[in-house]
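In what follows, a structure is listed as structure tokens, so that the remarks can point back to it.
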Amino acid sequence: MADDMNNAPGADTGGEGLSEDLKRLLARAEADDEGTDVYVEDAEDDEESEDDGELEESFGTVERGESAGEDINGGQLQISEFGHEMRQSFIEYSMSVITARALPDVRDGLKPVHRRILYAMNESGIYPNRPHKKSAWTVGEVIGKYHPHGDFAVYDTMVRLAQWFSMRTPLIDGHGNFGNIDGDGAAAMRYTESRLARPAMELLRDLQKDTVDWQPNYDESLAEPQVLPARFPNLLVNGSSGIAVGMATNIPPHNLTEAVEATCYLIDHPDATVDELMQIMPGPDFPTGAVIMGSDGIRQAYETGRGSITVRAKAHVESTKTGRNRLVFTEIPYQVNKGTLQEKIAQLVNEKRIEGISDMRDESTQKGIRLVIELKKGVIPQVVLNNLYKFTSLQTTFGANNLALVDGVPKCLSLPQMLRYYIDHQVDVVTRRTRYDLKKAQARAHILEGYLMALDHIDEVISIIRSSQTDSEASERLIARFGFTPEQTSAILEMRLRRLTGLERNKIEEELAGLRQAIAYYEDLLAHEEKILGVIKDEMREISKKYGDKRRTEIRAAEKDLDVEDLIADEDMVVTITHTGYVKRIPVAAYRAQKRGGKGVSGVSLKEDDVISEMFIASTHEYVLFFSNRGKVYRLKVHELPVGTRQARGTAIVNLLPFEDGEKIASVISCREFPDNEYLLFATKSGMVKKTVMSAYDRSRRDGIIAINLKAGDALLDVRRVREGDRVIMATTEGKAIMFEEDQVRATGRDTSGVLGIRMKGDAQVLGMEISNGRGDLFVITERGFGKRTPVADYPLQHRGGQGVYTIQMTDRKGKLAAMKTVGPQHELFIITEGATVIRVKTDEISQTGRATQGVKMMSVADGDRVTAVARMTSAKKKPARAAAVAEGQEALDLGALDAAGEEDHVDIGAGDTGLEDLLEE
């Protein structure tokens with residue numbers, strides 16, 4: 001029974017049945033869903049048959065739609081299976097949303113609510129040349145006559161039609177608060193006023209000339225147009241967005257002039273390709289401007305109807321008087337809320353996901369957008385800009401989906417298809433208008449011909465009229481005598497006596513001649529479609545000339561995904577890490593070279609009881625592997641470390657790495673790559689060593705990865721890179737050192753403990769480990785600043801696990817051995833004390849002595865202070881001296897400096913150091 005009812009022509013529980021087009025659309029939509037059953041109209045449905053059987057048992061054999069009794073109010077009851085009723089009702093609802101609410105018509109680019117607002121305002125005479133009218137009045141007019149929906153829905157639509165940042169060519173001229181790009185809503189409809197904008201009149205032009213089809217309104221008391229004449233391609237110019245049931249549309253706006261010219265080009269070249277059309281209309285033109293990155297997404301949208309278009313805010317960099325930079329955004333992507341955007345930027349800054357921003361303010365005015373972001377000193381603007389594009393809506397993706405109604409059926413259209421449908425619509429509009437004008441001209445010419453004939457026999461005509469008893473009699477006698485038509489006789493009977501003058505006759509003859517020319521033109525136009533197309537082009541170009549403007553959105557070549565390293569100079573940095581976990585990076589040029597025995601310059605301003613534990617040179621593009629004392633490794637890039645001044649303490653490492661309680665940095669190495677033929681050698685305080693291939697550490701995790709499996713009570717001390725043939729040198733605090741081949745340490749996995757490297761007595765601990773190729777020198781220095789440089793070849797090659805040999809004669813005056821480094825003649829050394837004094841010494845200025853010698857004084861260490869670390873770097877080439885007066889015992893480098901008195905520059909902690917660059921005058 002259900003199948004019988006469902007298959008009955010025009011049968012429907014709620015009214016008339018669906019059109020065949022909509023049924024086919026539904027079938028296609030369901031067929032697109034893989035893995036789901038497709039409902040076929042003529043197929044048998046066992047489940048419904050069973051349900052129908054149950055209904056028959058209860059009510060007897062009753063055809064759906066027939067009476068099944070009366071309800072309590074005397075109405076007729078009808079039988080309907082619930083599942084089918086729900087399905088049918090939802091289909092009708094879906095089709096109503098698709099065809100009558102959410103999707104625009106391809107011909108005029110308007111949804112029904114847009115069309116009804118414009119038509120209602122046009123019918124009410126709210127023209128551009130008349131005063132504004134209350135928006136509430138217009139909303140009421142639309143709801144009462146054409147659009148039986150909520151007033152807020154209609155008003156919100158009208159508001160959007162008036163917003164410059166929503167519509168490329170606004171169709172409503174709003175007066176009052178119609179919202180802004182910051183997301184502030186419009187004022188209530190009782191406060192605002194509106195009228196039609198001038199471009200909207202071009203959509204409504206010739207509406208009264210039978211150019212479109214009409215339909216009854218919702219209560220069939222009035223008629224409304226099914227579509228507007230739309231004398232310019234509004235679907236492209238203003239775009240559209242909407243969500244229907246199971247489908248959505250998102251068509252970007254375009255420049256009016258470009259859209260008109262592209263339409264004209266397709267008229268002249270019906271087989272034009274997308275590439276040819278893109279030469280004229282290269283892409284969308286958003287009302288808020290901004291920049292489209294690349295044309296691939298545009299081409300895909302134009303060819304297939306779907307595409308992804310990357311839109312980026314337009315920004316430039318300004319410099320302040322203080323030497324800082326600021327980012328200024330003057331255009332933002334389409335449909336981006338500027339207020340929400342600012343909140344997002346502030347949130348990212350507070351969460352430290354974007355660094356380098358010191359302030360943000362909105363300087364936008366009625367003249368345009370100006371969002372200013374102040375940067376901290378020394379920050380690279382492009383790095384911050386790239387992060388803003390990455391994490392905020394300053395760069396968005398516009399997902400184009402060119403879905404529009406074609407003859408009531410939604411279709412995804414390419415650019416040529418959209419233009420062809422619009423051209424077909426315009427051909428129909430101009431043809432119908434021409435026929436209308438031709439009919440009017442012929443009717444008027446027919447009347448004028450009757451006038452002239454009557455004037456030629458005016459006396460007889462007057463005599464017939466005067467002798468007739470009624471109008472009907474006069475009309476019949478005139479028709480019988482002169483052959484007039486009823487229309488002509490009616491006009492003659494209504495003609496005023498002043499038309500009988502000779503001057504009026506001349507006017508009639510002139511008007512008739514003009515009408516005959518117009519009739520000939522209209523007939524010729526209707527006979528030649530190419531001339532109709534010519535009229536369409538001329539009228540569109542006239543509209544373009546009146547309302548077109550320059551393109552706002554710039555289209556640039558697509559950029560690859562920006563890598564931060566592409567925006568950062570590859571330069572050496574001095575990376576400093578303190579014992580309490582503060583890290584910073586400083587350009588190498590901030591330090592200057594001194595000869596042996598100099599006092600040095602202040603390298604870092606430390607808090608009480610803090611000491612420098614690590615100091616090394618690395619490029620900004622290198623990775624930094626942070627090995628913790630608990631055997632874990634964390635990875636960052638050098639440019640991700642905070643930049644500091646020479647006296648700055650730096651940033652706490654816990655703000656950069658997720659250290660646990662009691663965890664601190666044990667060793668740090670830098671590298672650009674993780675080769676398979678190189679290894680990392682680990683050393684612990686208890687003398688254990690472990691070797692693991694570097695590629696095992698080519699991975700990152702936020703909470704780090706295991707680097708070495710430590711035994712209870714042990715701690716990681718040092719990590720170095722080794723290659724095949726390298727030699728390992730380990731030294732202890734008691735002045736002993738051991739050297740053995742790296743192949744004595746078998747390579748093991750990442751999560752292993754290793755083997756014994758050096759055996760120690762008492763409370764001695766390993767203080768360091770170095771890797772050597774057998775050449776060069778080993779530099780060692782004690783806590784009191786006594787050091788020496790000894791050839792590595794002077795150290796005997798031993799087996800792993802031995803006690804080693806003395807590397808310097810130890811005395812109480814020298815203190816314990818503090819640090820060791822392998823050096824060559826090309827190296828320079830940074831010697832750092834616990835009190836944060838730094839001296840820079842060239843290795844070739846250090847005397848080369850034997851292995852078991854006393855050493856010489858390398859640095860004057862104050863009482864209570866002690867040497868804690870040594871870092872090395874490759875010397876730069878010598879440059880011409882910049883200072884004429886250089887203190888004895890010092891060398892003037894690029895950024896070296898002398899104070900005003902010409903004495904050695906020694907800056908105590910906390911002193912007001914103005915910077916070495918500022919001190920260099922001569």
Side-chain angles (χ1 to χ4, degrees), residues 596 615-617 667 669 677-683 687 689-691 717-745 755-760 764-782 785-810 814 816-831 841-856 858-859 867 869-875:
R596 178 172 60 84
M615 189 173 185
F616 60 92
I617 311 299
S667 183
I669 65 172
N677 61 343
E678 294 187 24
Y679 296 84
L680 292 180
L681 193 67
F682 296 76
V689 292
K690 187 197 79 150
K691 184 172 69 174
L717 174 70
D718 216 342
V719 183
R720 290 289 183 269
R721 298 173 64 169
V722 293
R723 303 176 187 175
E724 184 178 355
D726 284 344
R727 297 178 180 181
V728 182
I729 304 175
M730 300 177 69
T732 70
T733 55
E734 296 301 320
K736 284 191 173 183
I738 187 173
M739 183 170 68
F740 55 86
E741 297 284 355
E742 60 85 20
D743 58 7
Q744 292 191 20
V745 182
V755 295
L756 186 64
I758 185 172
R759 194 178 306 275
M760 296 172 290
Q765 293 181 342
V766 175
L767 62 85
M769 176 181 66
E770 284 293 316
I771 306 300
S772 173
N773 57 8
R775 296 188 295 270
D777 301 325
L778 180 66
F779 172 79
V780 295
I781 189 169
T782 67
F786 289 85
K788 68 183 186 69
R789 179 166 60 100
T790 303
V792 172
D794 289 357
Y795 291 84
L797 195 60
Q798 299 178 278
H799 290 288
R800 174 185 57 80
Q803 295 185 10
V805 296
Y806 280 103
T807 182
I808 189 173
Q809 292 184 8
M810 303 296 296
K814 298 176 184 176
K816 293 184 177 181
L817 197 62
M820 57 173 286
K821 290 290 178 186
T822 54
V823 297
Q826 77 278 15
H827 288 140
E828 293 181 353
L829 296 174
F830 287 90
I831 302 175
V841 181
K842 293 186 177 181
T843 56
D844 57 6
E845 297 173 355
I846 304 172
S847 301
Q848 192 179 61
T849 60
R851 177 175 58 82
T853 56
Q854 295 279 348
V856 296
M858 302 299 305
M859 183 179 185
V867 174
V870 173
R872 66 171 175 263
M873 66 168 286
T874 302
S875 301

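Values below: all heavy atoms of this structure, side chains included; hydrogens, waters and symmetry mates excluded. Remember, predicted model here, so these are calculated numbers, not experimental data.
- Once rounded to the nearest 0.5 Å, the distance linking CG of Asp844 with CD of Gln826 reads 10.0 Å.
- Residue Tyr795 holds its OH atom at 4.5 Å from CG of Leu778, rounded to the nearest 0.5 Å.
- With a 6.0 Å radius and a threshold of 12 heavy atoms from other residues, nucleotides or ligands, Arg759 has its CZ atom at or below the threshold.
- Note that the CD atom of Gln765 and the CG atom of Leu717 stand 8.5 Å from one another [nearest 0.5 Å].
- With sequence neighbours left out, Arg723 forms a side-chain contact (heavy atoms from CB on, under 4.5 Å) with Glu678, Asp726.
- Here the CE-CE distance, from Met820 to Met769, works out to 9.0 Å after rounding to the nearest 0.5 Å.
- With contacts defined as side-chain heavy-atom distances shorter than 4.5 Å, the pair Glu742/Leu681 does not qualify.
- Minimum interatomic distance between Phe740 and Gly757 (heavy atoms only, all atoms of both residues): CE2-O, 3.7 Å.
- Here the closest non-hydrogen pair linking Arg775 and Asn773 is N-OD1, 2.9 Å.
- Met730 and Ala683 make their closest contact through CE-CB, 4.1 Å (heavy atoms, listed as atom of the first residue, atom of the second, distance).
- The closest donor-acceptor contact from the side chain of Thr790 to the backbone of Gly850 lies under 3.5 Å.
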Show the numbers, then the answer: is there a side-chain contact (heavy atoms from CB on, under 4.5 Å) between Met858 and Val856? CA-CA 6 Å; Met858 302 299 305; Val856 296; 3.9 Å; yes

Using the rule given for side-chain contact (heavy atoms from CB on, under 4.5 Å), can you reason through Val755 versus Val689, listing the C-alpha separation, both sets of side-chain angles and the distance that settles it, and then say yes or no? CA-CA 5 Å; Val755 295; Val689 292; 3.9 Å; yes

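- Side-chain atoms of Thr843 and Phe779, non-hydrogen and from C-beta on, never get closer than 4.5 Å to each other.
- Applying the side-chain contact (heavy atoms from CB on, under 4.5 Å) test to Arg727 and every residue at least two apart in sequence or in another chain returns Met739, Glu741, Leu797.
- Evaluation of the side chain to side chain donor-acceptor pair (under 3.5 Å) rule for Arg720 yields Asp718 as partners, not counting sequence neighbours.
- Counting only distance, with no hydrogens or angles, the side chain of Thr822 and the backbone of Ser772 share no donor-acceptor pair below 3.5 Å.
- For the atom pair CD1 (Ile808) and OG1 (Thr853), the distance works out to 6.5 Å, reported to the nearest 0.5 Å.
- With respect to Ile846, the side-chain contact (heavy atoms from CB on, under 4.5 Å) criterion is satisfied by exactly one of Val823, Leu829, Ile781: Leu829.
- A distance-only check finds a donor-acceptor pair linking the side chain of Lys788 to the backbone of Thr807 [under 3.5 Å].
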Determine, stepwise, if the pair Val728 / Val745 fulfils side-chain contact (heavy atoms from CB on, under 4.5 Å). CA-CA 10 Å; Val728 182; Val745 182; 5.7 Å; no

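- A donor-acceptor contact shorter than 3.5 Å links the side chain of Lys814 to the backbone of Gln809.
- With rounding to the nearest 0.5 angstrom, the CZ atom of Arg800 is 11.0 Å from the CG atom of Asp743.
- Under a 3.5 Å cut-off, the side chain of Lys821 and the backbone N or O of Asp777 do not form any donor-acceptor pair.
- Checking side-chain atoms of Thr849 against main-chain N and O of Gly855 turns up no donor-acceptor pair under 3.5 Å.
- Of all heavy-atom pairs spanning Gly804 and Gln798, the tightest one is CA-OE1, 3.4 Å.
- Of the possible polar contacts, none joining the Thr733 side chain to the Lys816 backbone as a donor-acceptor pair under 3.5 Å is found.
- In this structure, Lys691 and Tyr679 approach most closely via the heavy-atom pair CG-CB, 3.5 Å.
- Between Ile831 and Val841, the shortest heavy-atom contact is CD1-CG2, 4.5 Å.
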